Amino acid sequence: MKTQNTRTREILKILRARYPDVKTQLRHKTPFQLLVATILSAQCTDRQVNAATEKLFRHFKTPEDFSGADTAALENLIKSTGFYRNKAANIKNCARQIVERFDGQVPDNLEDLVSLAGVGRKTANIVLGAVFGIPGMVVDTHVARISVRLGLTGNKDPEKIEKDLMKIITEEDWNDFSLRLIFFGRQICRAKNPDCENCFLSHLCPAKKENGK
DNA sequence: CTCCCGATAT
DNA sequence: ATATCAGGAG
């Protein structure tokens, strides 16, 4: 039983109608490749990530490939995604941990996923949803920003927002809801110039910009 | 809390 | 010039 009010239900309904079939935009062939792409997606557009992984996955495919990769070569391949030194080290360590501790397979639960280098709750929940179909609330920069604007949470800490959203949204919708907010955040409810004029949720939004801003 | 960091839009 | 982008680690 969820404690969602009429307004929340309406928001969910409209988002579902606008974005019926959501799926990750991060291109990948295997669960591990999605994990790598998601690590790369920190503070970077999915477009940049896909451009980088197209070349990256030609050189390295499996956890074994990545764990044995030359660090400088790896850094060069992902440089355009930013934070490339941290990301390269994390991906390499993550790959080794998967080989050594999980028999080369991406773990199918939150606890094991977040134990991997460079993998936090956001990344873990992406993988859980896309690979294993396990419900997870993905709180990234878009979800956090929009949840605050729509008044779905009073918190700013991503983990608290995650818990707030899990309370008002039914489990089977967690993954899709997250992805819908991400698409909505890119198109309409942008960080910089939110397009309130053309927003299909503005009549339900406490943060709506009035005419003449 | 700070640091990591290149690409892109405004 | 500045803000922002599918964040996470120390």
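A, B, ... follow the sequence lines: proteins, then strands. Residue 1 opens every chain. Every heavy atom of this structure was used, including side-chain atoms; hydrogens, water molecules and symmetry mates were not. Here the structure is a predicted model, which means the values were calculated and not measured.
For the pair A:Arg149/A:Pro194, a side-chain contact is recorded, criterion being any heavy-atom separation below 4.5 Å from C-beta on. Proximity of A:Lys79 to A:Arg85: side-chain heavy atoms (C-beta onward) are nowhere separated by under 4.5 Å.
Salt bridge annotation for A:Arg16-A:Asp173: present, with a cationic side-chain nitrogen under 4.0 angstrom from a carboxylate oxygen. A salt bridge does not link A:Arg145 with A:Asp140: every distance from a Lys NZ or Arg NE/NH1/NH2 to an Asp or Glu carboxylate oxygen is 4.0 Å or more.
Counting non-hydrogen atoms under 4.0 angstrom, A:Leu116 reaches the backbone sugars and phosphates but no base. A:Val119 comes within 4.0 angstrom of sugar-phosphate atoms only, judged by non-hydrogen atoms across all strands, and of no base. Looking at heavy-atom distances under 4.0 Å, A:Tyr84 makes contact with sugar-phosphate atoms alone, never a base.
One can place CG of A:Asn50 at 18 Å from P of C:dC5, the figure rounded to the nearest angstrom. Summarising the geometry, the separation between CZ on A:Phe183 and C1' on C:dC5 is reported as 15 Å, rounded to the nearest angstrom. Atom-to-atom, CG of A:Asn193 to P of B:dT10 comes out at 8 Å; the value is rounded to the nearest Å. Rounded to an integer number of Å, the gap from A:Asn86 CG to B:dC3 C1' is 8 Å. Distance, A:Glu75 CD to B:dG6 P: 11 Å, rounded to whole Å. For the pair A:Lys87 NZ and B:dC5 P, the computed distance is 9 Å after rounding to whole Å. The distance between atom CG of A:Asp176 and atom P of C:dA6, rounded to the nearest whole Å, is 18 Å. Taking atom CD1 of residue A:Ile91 and atom P of nucleotide B:dC5, one finds them 12 Å apart after rounding to whole Å.
Residue A:Arg85 places at least one side-chain N or O closer than 4.0 Å to OP1 or OP2 of B:dC5. For A:Thr81, no side-chain nitrogen or oxygen approaches OP1 or OP2 of B:dC5 to under 4.0 Å. Contact annotation: A:Arg190 side-chain N/O to B:dT10 OP1/OP2 distance is not under 4.0 Å.
Across the interface with DNA chain C, nearest-nucleotide mapping of A:Gly118 and A:Lys192 shows A:Lys192 to be the residue nearer the 5′ end.
With B:dT10, C:dT4, B:dG6 as the choices, the nucleotide that has an atom nearest any side-chain atom of A:Ala191 turns out to be C:dT4. Checked against B:dC4, C:dA9, C:dA6, the side chain of A:Phe83 finds its nearest nucleotide in B:dC4. Distances from the side chain of A:Thr24 to the nucleotides C:dC5, B:dC5, C:dA6 place C:dA6 closest.
For the segment residues 35-48 of chain A, the set of residues with a heavy atom within less than 4.0 Å of an atom of DNA chain B comprises A:Gln43, A:Gln48, in numerical order.
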- Output, in order, the C-alpha distance, side-chain angles, deciding distance and verdict of side chain to side chain donor-acceptor pair (under 3.5 Å) for A:Thr8 and A:Asn5. CA-CA 5 Å; A:Thr8 301; A:Asn5 57 31; 2.8 Å; yes
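The C1' atoms of B:dC5 and C:dT4 are separated by 13 Å, rounded to the nearest whole Å. Remark: the separation of the P atoms in C:dA3 and B:dT2 is 15 Å, to the nearest Å. Between C:dA6 and B:dT10, the distance separating the two P atoms is 14 Å to the nearest Å.
Because its NZ or CZ atom is not both nearer than 6.0 Å to the ring centre of A:Phe183 and within 45° of the ring axis, A:Arg180 does not count as a cation-pi partner of that residue.
Using cut-offs of 30° and 60° for the angle between ring planes, the A:Phe200 and A:Phe184 rings count as tilted. Using bins of under 30°, 30° to 60° and over 60° for the plane-to-plane angle, the ring pair A:Phe60/A:Phe66 lands in the tilted bin.
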